[in-house]
J.: 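Below: one structure in structure tokens.
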Amino acid sequence: MPELPEVETVVRDLRPLVVGRTVLGVEVGDRALRKPWDAAWVGRLAGVTIESIRRRGKWILLDLSGGARLIVHLGMTGQFTAVPTLALRPDHLHVVFTLSGLVELRYRDIRRFGSVVLVADEATAMASLDAKLGPEPFDIPPDGFHAAVTGTARTLKALLLDQSLVAGVGNIYADEALHRAKLHPETRGTQLTRPQVNRLREAITAVITHAIEKRGSSIRDYVGGSGLKGGFQDEFRAYGRTGEPCPTCGVPIERVRVAGRSSHFCPQCQRVAKSR
DNA sequence: CCGACGTCCTGCTAGC
DNA sequence: TGCTAGCAGGACGTCG
């Protein structure tokens, strides 16, 4: 569910609620998440203080006193919220951190595609993330991006979903960026001209930035770290708007399957480049 | 090596 | 009303 803007919103919401608090206890459900929970982690977490919280791509990092790092991924349906300890507990709760100050930090995930992992230190955390993640959307190197895009025959949709090209873009913002850049999702990287690559890069940055300002998009499950919904779903130009008029030209938005994901585009504004 | 595709899991909705 | 096929904000393993 959550892409970079949603994850960023969760982190910003959680920051004032959890930073400075101490972990008094951890409860773990018996249903497995994407990555296995190590029973030794409960003891290791007891008594540590949450010093800061940040994001890299779609991954959340909690910096803990003593150096350990908690790495959280929300998958498709994950929710990471801080609530009063007395608040009713919903189902599908998998990890609950009891914090000082009568606050609970809760990881909830219906489909269990997400993960909660503890690593020993900063170096281990960053090594695992940097190994698979490209730059953040705000500092994509123009030359490197151009080389990566034009050097592959993959479709633009597959490229944007690849976290090693740019970290944090998912299905929604891939479609939205392609619409803004006026590029068809099935266009091949090798077909793009330099100006088109630049347009795509700028569209990614713009869409992600704008979506963060709107606290991300809430379609079904997504809520921020304090349980609040996002607002960018009202600004979609293509995603989920099959049959509705393109905001640019009025032609109905179409949907096709690309890279295994449903992709929404305007058949008028986003033509597939003719491969010679 | 690269690119395409299946799989993990649960819940909701459209359509019959 | 009841059932089922299909679909859903992701990541990763496997196959050709």
Side-chain angles (χ1 to χ4, degrees), chain A residues 1-11 29-36 55-60 71-80 90-94 107-117 128-134 137 147-178 185-191 204 207-208 210-212 214-225 229-236 238-243 255-264:
Chain A
M1 119 202 168
E3 306 179 30
L4 190 154
E6 291 75 37
V7 177
E8 176 65 23
T9 301
V10 168
V11 167
D30 40 21
R31 317 203 59 186
L33 296 174
R34 184 170 233 287
K35 297 178 181 173
R55 177 197 57 74
R56 172 80 172 95
K58 301 174 194 172
W59 300 80
I60 298 169
I71 306 178
V72 178
H73 196 289
L74 302 178
M76 291 277 253
T77 52
Q79 299 176 340
F80 201 32
D91 49 8
H92 303 292
L93 224 43
H94 299 108
Y107 182 80
R108 176 173 189 253
D109 189 351
I110 293 172
R111 290 172 74 182
R112 290 187 280 129
F113 284 180
S115 59
V116 179
V117 166
S128 75
L129 294 185
D130 287 338
K132 52 191 169 198
L133 299 180
V149 170
T150 58
T152 178
R154 300 169 75 192
T155 61
L156 296 183
K157 183 58 181 273
L159 271 171
L160 292 186
L161 294 177
D162 184 342
Q163 301 301 294
S164 70
L165 177 70
V166 177
V169 177
N171 208 36
I172 291 177
Y173 301 108
D175 283 5
E176 292 298 305
L178 288 168
E186 289 176 297
T187 304
R188 306 276 161 178
T190 45
Q191 296 177 292
I204 293 168
V207 164
I208 295 289
H210 190 189
I212 289 174
K214 294 289 176 175
R215 298 180 44 84
S217 310
S218 288
I219 299 177
R220 37 183 76 83
D221 309 286
Y222 169 75
V223 292
K229 293 194 169 224
F232 194 72
Q233 64 277 6
D234 299 329
E235 316 220 359
F236 289 165
Y239 182 83
R241 299 191 64 250
T242 312
R255 187 176 75 130
V256 288
R257 198 140 194 104
V258 188
R261 313 294 297 277
S262 81
S263 305
H264 314 73

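Here the structure is a predicted model, which means the values were calculated and not measured. Each chain gets a letter, A, B and so on, in the order the sequences are listed, and its residues count up from 1.
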J.: Tell me whether A/Q163 contacts the main-chain N or O of A/L161 through its side chain, where contact means a donor paired with an acceptor under 3.5 Å.
T.: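 Confirmed, A/Q163 side chain pairs with A/L161 backbone.
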
J.: Less than 4.0 angstrom between a side-chain N/O of A/H73 and OP1 or OP2 of C/dG10, yes or no?
T.: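 Result: no.
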
J.: For A/R111, what residues pass the side-chain hydrogen bond (donor to acceptor under 3.5 Å, both in side chains) criterion, not counting sequence neighbours?
T.: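 Once residues adjacent in sequence are excluded, A/R111 has no partner under the side-chain hydrogen bond (donor to acceptor under 3.5 Å, both in side chains) criterion.
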
J.: Could you give the CZ-to-P distance, from A/F236 to C/dA8, as a whole number of Å?
T.: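 Answer to the nearest Å: 13 Å.
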
J.: Rounding to an integer number of Å, can you tell me how far A/N171 CG sits from C/dA8 P?
T.: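 Checked: the CG to P distance equals 8 Å.
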
J.: If a protein heavy atom is under 4.0 Å from the base, mark B; if only from the sugar-phosphate, S; if neither, -; do that for nucleotides 9-16 of chain B going 5' to 3'.
T.: BBS-----

J.: Provide the distance between the two P atoms, one in B/dC9 and one in C/dC3, to the nearest whole Å.
T.: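 Nearest-Å result for B/dC9 against C/dC3 at atom P: 25 Å.
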
J.: Restricting to side-chain contact (heavy atoms from CB on, under 4.5 Å), what partner residues turn up for A/F236, sequence neighbours left out?
T.: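 By the side-chain contact (heavy atoms from CB on, under 4.5 Å) rule, A/F236 matches A/I172, A/E176, A/S217, A/I219, A/F232, A/Q233, A/Y239, A/R241.
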
J.: Below 3.5 Å between N/O atoms, which protein atoms pair up with nucleotides 12-16 of chain C? Just atom names and distances, please.
T.:
residue : atom : partner : partner atom : Å
C/dC12  : OP1  : A/K132  : NZ           : 3.2

J.: Report the stems of DNA chain B as range-with-range entries sorted by first number; a stem here is at least three consecutive pairs, Watson-Crick or G-U wobble, both distances under 3.5 Å, and write none if there are none.
T.: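 So far as stems of 3 or more pairs are concerned, DNA chain B shows B:2-8 with C:10-16, B:10-16 with C:2-8.
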
J.: Counting N and O atoms only, with roles assigned by atom type, does the side chain of A/S218 sit under 3.5 Å from a partner on the main chain of A/G230, one being a donor and the other an acceptor?
T.: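 Indeed, once roles are kept as given, a pair shorter than 3.5 Å links the two residues.
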
J.: Pairs in or reaching into residues 157-166 of chain A: which pass salt bridge (Lys or Arg N to Asp or Glu O under 4.0 Å), with residues at least two apart or in two chains?
T.: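 Of all non-adjacent pairs touching residues 157-166 of chain A, those that pass salt bridge (Lys or Arg N to Asp or Glu O under 4.0 Å) are A/R154-A/D162, A/K157-A/D175.
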
J.: For C/dG6 versus B/dG6, give the span between their P atoms, rounded off to a whole number of Å.
T.: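 It works out to 14 Å between them.
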
J.: Going by side-chain hydrogen bond (donor to acceptor under 3.5 Å, both in side chains), name the residues that satisfy it together with A/D30, two or more places apart in sequence or in a different chain.
T.: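 Residues passing side-chain hydrogen bond (donor to acceptor under 3.5 Å, both in side chains) with A/D30: none at all.
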
J.: Quick one: does A/T77's side chain have a donor or acceptor within less than 3.5 Å of a partner on A/G75's backbone?
T.: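 It does not hold such a pair.
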
J.: Under the side-chain contact (heavy atoms from CB on, under 4.5 Å) test, which residues partner A/H94, sequence neighbours left out?
T.: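 Once residues adjacent in sequence are excluded, the partners of A/H94 under the side-chain contact (heavy atoms from CB on, under 4.5 Å) criterion are A/R31, A/L33, A/H92, A/Y107, A/D109, A/R112.
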
J.: Checking A/D234 now: which residues fulfil salt bridge (Lys or Arg N to Asp or Glu O under 4.0 Å) with it, not counting sequence neighbours?
T.: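 Salt bridge (Lys or Arg N to Asp or Glu O under 4.0 Å) check on A/D234 returns nothing, list empty.
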
J.: Using the side-chain contact (heavy atoms from CB on, under 4.5 Å) criterion, which residues pair with A/T242? Sequence neighbours excluded.
T.: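 Residues passing side-chain contact (heavy atoms from CB on, under 4.5 Å) with A/T242: A/R255, A/H264.
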
J.: Is there a side-chain contact between A/N171 and A/S262 in this structure, where contact means two heavy atoms from C-beta onward sitting under 4.5 Å apart?
T.: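 The answer is yes; the side chains approach within 4.5 Å.
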
J.: Assign A/Y239 to base, sugar-phosphate, or nothing according to its heavy-atom contacts below 4.0 angstrom with the strands shown.
T.: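 Sugar-phosphate contact only - A/Y239 comes under 4.0 Å of backbone atoms but never of a base.
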
J.: State whether A/T152 places a side-chain N or O below 4.0 Å from either non-bridging phosphate oxygen (OP1 or OP2) of B/dC2.
T.: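 Answer no for this pair, as no side-chain N or O of A/T152 is under 4.0 Å from OP1 or OP2.
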
J.: Distance check needed: B/dT7 P versus A/M76 CE, whole Å only.
T.: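 After rounding, the reported distance stands at 16 Å.
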
J.: Enumerate all atom pairs, one protein N or O and one N or O from nucleotides 4-6 of chain B, separated by less than 3.5 Å.
T.:
residue : atom : partner : partner atom : Å
B/dA4   : OP1  : A/R188  : NH1          : 2.9

J.: Just how far, in rounded Å, is P of B/dG3 from CD of A/E186?
T.: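 Atom CD in A/E186 sits about 16 Å away from atom P in B/dG3.
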
J.: With a 4.0 Å limit, can you tell me whether A/S262 has a side-chain N or O closer than that to the phosphate oxygens OP1/OP2 of C/dA8?
T.: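 Looking at the OP1 and OP2 atoms of C/dA8, one of them is under 4.0 Å from a side-chain N or O of A/S262.
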
J.: Using a cut-off of strictly less than 4.0 Å, decide whether A/Q163 has a side-chain nitrogen or oxygen near OP1 or OP2 of C/dG10.
T.: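 Looking at the OP1 and OP2 atoms of C/dG10, neither is under 4.0 Å from any side-chain N or O of A/Q163.
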
J.: Under the side-chain contact (heavy atoms from CB on, under 4.5 Å) rule, collect the residues that match up with A/K35, sequence neighbours excluded.
T.: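 Partners of A/K35 by the side-chain contact (heavy atoms from CB on, under 4.5 Å) criterion, ordered by chain and then number, come out as A/W59, A/S115, A/V117, A/K132.
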
J.: Working to the nearest 0.5 angstrom, can you tell me the gap between A/K214 NZ and A/E235 CD?
T.: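 Output value for this atom pair is 4.5 Å.
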
J.: Can you measure A/R261 atom CZ to C/dC7 atom C1' for me and round it to whole angstrom units?
T.: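 Spelled out: CZ on A/R261 to C1' on C/dC7 is 11 Å.
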
J.: What is the separation between atom CZ on A/R255 and atom C1' on C/dC7, rounded to the nearest whole Å?
T.: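 Checked: the CZ to C1' distance equals 8 Å.
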
J.: Has A/R188 got a side-chain atom pairing as donor or acceptor with A/T152's backbone, closer than 3.5 angstrom?
T.: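 Pair absent, no side-chain N/O of A/R188 close to backbone of A/T152.
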
